[in-house]
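What follows is a set of notes on a single structure, which appears directly below.
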Amino acid sequence: MAHLQLTALAGGAGDEMEEVALLGSYDVEAGPRVGAEEGEGDDEAGMRRVQVRVAGMTCSACTGAVEAALSARRGVRRAAVALLQNRAHVVFDPALAKDEDIVEAIEDAGFEAEILPDSTVSQPKSQKTLSGQFRIGGMTCAACVNSVEGILKKLPGVKRALVALATSLGEVEYDPSAISKDEIVQAIEDAGFDAALLQSSEQDKVLLSVTGLHTEGDVDVLHDILKKIEGLRQFGVTFGNSEVEIVFDPEVVGLRQIVDTIEMESNDRLKAHVQNPYLCAASNDAQEAFKTLHLLRSSLLLSIPVFFIRMVCPHIPLISSFLVMHLGPFRIGDLLKWILVSMIQFVVGKRFYVAAYRALRHGSTNMDVLVVIGTTASYVYSVCALLYGAFTGFHPPIYFETSAMIITFVLFGKYLEVLAKGKTSDAIKKLVELAPATALLLLKDKEGKYSGEKEIDASLVQPGDALKVLPGSKVPADGVVIWGTSHVNESMVTGESVPISKEVSSPVIGGTMNLHGVLHIQATKVGSGTVLSQIISLVETAQMSKAPIQKFADYVASIFVPIVITLSLLTFLAWFLCGWLGAYPNSWSAESSNCFVFSLMFSISVVVIACPCALGLATPTAVMVATGVGANHGVLVKGGDALERAQNVKYVIFDKTGTLTQGKATVTTAKIFSGMDLGDFLTLVASAEASSEHPLAKAILDYAFHFHFFGKLPSAKDSIKKRREEILSQWLLEVADFSALPGKGIQCWINGKKILVGNRALITENGINIPGEAEHFLVDMELGAKTGILVAYDGGFIGLIGITDPLKREAAVVVQGLKKMGVHPVMVTGDNWRTAQAVAKEVGIEDVRAEIMPAGKADVIRSLQKDGSVVAMVGDGINDSPALAAADVGMAISAGTDIAIEAADYVLVRNNLEDVITAIDLSRKTFSRIRWNYFFAMAYNVVAIPVAAGALFPFTGLQMPPWLAGACMAFSSVSVVCSSLLLRRYRKPRLTTVLQITVE
C-alpha cells in the first residue's frame, strides 16, 4: 500500500476516494494526468507502451518525421520522440499493431529502430488486477467447490473466484497490492485442500547477459535449462551478443531463481547477469561517439593531403612541378585530389546521402539534405571543370577541397555535439551509478536462523530478503532496519547533507551510504518500486517531455530547409544575372574565372552555413540539464511544461498543516469544564479518537496514552509498539456507530451516550452551549496559534484540548524570500480564523484563507487564476491532490520516500520549504538560458546567411569560402549545447542573497 495514494474520483463526491499508483499514467508529452481526465485513461486501457531506440536523428525535423510516421500507423494512439535520448515512446493497440510494425514504421521513415527490452529497473509496474490459475487437490464434490469458492471470495483483494471440479483448477482475479498468491494458497490449504499456483496473467521481460556461451553446444545446454523452468513463457538466445531475452511469470518464478537455476544446472559453466537498460543506453551512446570519431579520423586523414596539394605544394617547386605533370589527359595533382575527395564524398559521406534520401523519400528535410546539396554541388562542378580542362586544355579552377573540408568540419561538429549531448544526461548516469552492483543476502536454515551470507547481484534482491549492509557500503534496496544501529548519508537521493541516525524499525533508502555500524535490513521495495528507481523514472520522463516553447522551434525546423534552398537559388541567380548583365566589375569574379563559378560559391556557402540543428537543440538540451540539476538538489521536475510555467508564478499557496508547520501535532493543554476526572476525560476522548486517521487524533491518543502509562513501558522502540497495542486494546472503552465528519471532527457512542469531538462548528450545530469561561480560554489558545478541540458528552460540554503544531524553522524566511522575488504568498487552511491568522502573522503572510474544506482549496486557486495569473500550490500531496491538480504548478513536499506524488508537477524530496524558492529560481534561470539559446540560434542564421550570400562583398571584398561556412555551421549547434551545459554550474540561491542580508 506504500505505492498508493488517495485521489478524488472525477465527478464524484469529495469523500469518495480511489486508489491510484503513485507513478500512475504519465503523459510523456503533456505531463501528469490526474484520474481519468476526459476519458483518456479509459481510452488507453489495454494499450501497449514501448520504448524504442531511434538512431540517425539530427534535429527537430527528424523527430517530426518519426512522430508523423508513427502516428500514421494503424493502431498507434500516441507517439512522442525525444531527440537527445534518441528514443521514442509509443502507445498502441496490440490487437491492431505489433512491435515489428512500430520498428518498420520508423525504418521506413529513414532511421534505425530497436525496441528496448522492459526492465525491472526502468518500467514501473502499475497496480492492477491479476488473474491466477491455481491447482486445487482434495476436492471430491460440489460442496467442496462451493466451500473453496466461498473462502476465496471472502479474502480481501479477491475480485472474482471460479473453481472447476473436473479439472481441479481454480481461477482467481486478485489485486496483488492487497493480497499475494502465497496468501491465497495458504487460505485454500487452511480449508483442508492442497493448493499451488500454476500461472498468472502477470509477465516480466528481462534481458540477461550470459558468460560462458562459447559454442553452439553451450547454447543448446542453455536452451534445455530454460525449457525446464516453470513459469518461463518464452525466451530468445542471441549467440553473438551472449544475451538471452526472457519473458516469465513473476508470480510463479522469481528472477533470482532463474539465474540460480542457469548456474546450477550448467555446473557453474554459465553465469547470467541482469542487464541494466541505462548502462545499455550509455553503451549505445559511446558506440555512436566511436563511429562518428572513426568517420572523422578517416575524413581528416584524406582531407589533409587534399589541403596540402591545394595550399602548400604549389609553393614548393619540386613538388609543384611533379603535380602539374600529366598522366594521360589529367594533371597528377588534380587526379590525386579527385581520388581522395571521391573517397571522402561517397565513402565517409555515405551517411549524409543515406539520411538525406530517407528524409526526402518521406517528404521531410533536415540538415543532411543541406550538407548533401552543398557538397555534391561543389564536387560535381569540380569533376566537370576537371574533365573540361582535360579535353580542352583550358583549366578552370576546381574546388575539390571545398566538399572535403565541409564534410570534415561537419563531422567534427557532430562529434563534439555527441560528446556535449552525452554530458546533458550525466544526471541520469549519476543516479544509476548510485545503485550498488551487489548485495549481501543473509541465508536462513530450516529453523529460520541465519546460517550464512551470500553475495548476489543487487537486481536479484526480492521483497522480504534479509540483507547485510557493511560500513562504507551502499544500501542495496529500500527497506527497514531489523538489527543494528548506524548513520546513513542520504544526500545523494534526498539532498539532505546531515547523516541520518538509523536503528531498528527505521526506514532506509536504496543507493544511500551506510557510514558506521553494520545493519541488517529487510527489503520492502525492489526494482522499479524503490525511491531511486522512481526518481530516475521521473527525471527520464521529464527529459523526454517537450516544453511548449519548443513548438516554435519545431515549426521553424519544418520550413527551414526549403527556405534555405530557395535563398541559395536566389543567391546564385542574383549574382549570376548581375554578372551576365555587367552589373558588377569583371575583376570581382576574375579569381573564380567566370561569374558562374563566382555565383556558385556564394550559393554553396548559403546552403552549408544554415543550421537548423541549433534551433532544435535550444530547448531540449536546457530542459535535460535543468531536470538533472534539479534532481541533484532534491527538486524533481515532471516535465518541460511544468518548468516553463513555474518561471511566471505570481501566487504561491501554502497549506498550513504539514507544509508551513512540521506536521507533528502535540497536545499542550487539556482543560475540563465539568466534574469529570482528567484521567477519565482523556480515556473518553482517546477511545473516541482511536478509530480516526486524522493527525490530531493521533496526537490526542499519544497524550492520553503517556498520561496513563508513561514510565511503565520498556525503552526499545519495537517493544513500545507491541506493548502499546496490547494496553490500548485493554484500556480503551468500546465505541459504537463511529463516523468522521470532514472539516468538523468525529462523533460516536460510548456507554450508550453520544460523544462529539471536534471544532466549534460541530458543537454549536448539535445545539450544545459553550460556557463563557471555555469560550475565553479557547480564544486565548487560538490567538496563541493553537488549535482548540472541543468535547461534548451526553448532550453537555465537558472540556477542551489545546493542540499546537510547531512551524518549520525556515518558513518565515522563505515567505520573505518569495516576496523579494515578486511572488505573493497565500495561506489556505481548514483551521479556524484566529489560529490561521496567528500562524500567518508569525510567518509574515498577509493573505489568509481559513476554514476552507479540502475541496474548497481548488476553488481558491481558480479564483486567483481568473485574471490569468500563474498559481503554484505547495502541499503534502495527500489531502491536497485536488488543489495540486488545479494549480498551474503543483509542488508536493515529500518525506523522502513517496517521491512520485501523481498530482504534482514538482516533488520537493527534502521536505524543506527553501526548495520552493529553488524550484522557481531554477525555472527562471533555465528559460533565461533557453531564450539566449534561441537568440543565438536565430541571430546566427539571420547574420550568417546574408554574409555567406555575399552581402558584405561589394563593401569589403571579403567572400566566405564554402569550407569556412561548413565550419561555422558545425560549431553553431555545438555552441548551443555548450550554452545549455552552463546550467550544470547552477547553485541554489542563498537566502541571504535573496533577502539582501549582509552577513558580517
Please examine the side chains of Phe111 and Val66, heavy atoms only from C-beta on, and report whether any two atoms are closer than 4.5 Å. yes
In sequence, state the C-alpha distance, the side-chain angles, and the governing distance for Asn933 and Ser980, and then conclude on side-chain hydrogen bond (donor to acceptor under 3.5 Å, both in side chains). CA-CA 8 Å; Asn933 286 353; Ser980 294; 2.9 Å; yes
Just to verify, which of Thr918, Thr926, Asp921 counts as forming a side-chain hydrogen bond (donor to acceptor under 3.5 Å, both in side chains) with Tyr986? Asp921
Walk me through whether Asp915 and Lys988 qualify under salt bridge (charged side-chain N to carboxylate O under 4.0 Å, His left out). CA-CA 9 Å; Asp915 291 339; Lys988 292 171 63 173; 3.3 Å; yes
pair Leu70-Ile102: side-chain heavy atoms closer than 4.5 Å: yes
Rounded to the nearest 0.5 Å, what's the gap from CG on Asp655 to NZ on Lys857? Could you check? 3.5 Å
Taking side chain to side chain donor-acceptor pair (under 3.5 Å) as the definition, give me every residue that meets it alongside Arg931, ordered by chain and number, with sequence neighbours left out. Gln647
Between Pro825 and Val815, the two heavy atoms sitting closest are CG-CG1, 3.8 Å
Could you tell me if the side chain of Thr621 sits less than 4.5 Å from the side chain of Val625, heavy atoms only? no
Under 4.5 Å between any side-chain heavy atoms of Val874 and Ile893, yes or no? yes
Please name the pair of heavy atoms, one in Ala886 and one in Arg862, separated by the smallest distance, quoted to 0.1 Å. CB-NH1, 4.0 Å
Any side-chain heavy-atom pair of Asn912 and Glu810 under 4.5 Å: yes
